[in-house]
Amino acid sequence: VVKDLTLSVDENDLVFSVVCTGIPEDATGYNAELTARPYAKFTVDGSQFTVYGAAASHSMKQVAQSVKDAGGTAYAANKDLIDNIIAA
């Protein structure tokens, strides 16, 4: 299940997050790669077009390891969850 959550909008940027639910909370889910590809739809002088960015694929385990490696407050605030994902 995917849900689009708009976080902020200003004159230059639209920032949003997408939440995926129903991913198994075990090694299968943590090792599964999720792929995201940004895009923007525009209309200029009545013509519509879409611009695509590069796709990126990462597993929850890869992201958890990156957060742990970076340290800081993000890791400290979520240490138990991150360490559990990495250990799975």
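This is a predicted model, so every value here is computed, not measured. Side-chain atoms are counted along with the backbone in the values below, which use heavy atoms only and exclude waters and symmetry mates.
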Practice task
Give the minimum heavy-atom separation between Lys61 and Ile85, together with the two atoms involved.
Solution key: CE-O, 3.5 Å
Practice task
Determine the minimum heavy-atom distance between Val44 and Phe49, stating which atoms define it.
Solution key: CG2-CE2, 3.6 Å
Exercise for the section: Taking all non-hydrogen atoms of both residues into account, name the closest pair between Pro38 and Ala54 and its distance. Expected result: CD-O, 3.4 Å
Exercise for the section: For residues Lys68 and Gln65, determine if any side-chain heavy atom of one lies less than 4.5 Å from a side-chain heavy atom of the other. Expected result: yes
Practice task
Describe, in one word, how the ring planes of Tyr52 and Tyr39 are oriented to each other, choosing from parallel (under 30°), tilted (30 to 60°) and perpendicular (over 60°).
Solution key: tilted
Donor-acceptor pairs under 3.5 Å, side chain of residues 28-37 to any protein atom, not counting sequence neighbours: which ones?
residue, atom, partner, partner atom, Å
Asn31, ND2, Ala27, O, 2.9
Thr35, OG1, Ser57, OG, 2.5
Arg37, NE, Gly53, O, 3.1

Exercise for the section: Under the side chain to side chain contact (heavy atoms under 4.5 Å, CB included) rule, collect the residues that match up with Asn84, sequence neighbours excluded. Expected result: none
Handout entry: Other residues, nucleotides, ligands: >12 heavy atoms within 6.0 Å of Asp45 CG
Key = no
Fill in the blank from the handout: In terms of heavy-atom contacts, Phe42 and Ala40 come closest through CE1-CB, 3.5 Å
Exercise for the section: Find out if a path of hydrophobic residues (ILVMFWY) with successive side-chain heavy-atom gaps under 4.5 Å connects Leu81 to Met60. Expected result: yes
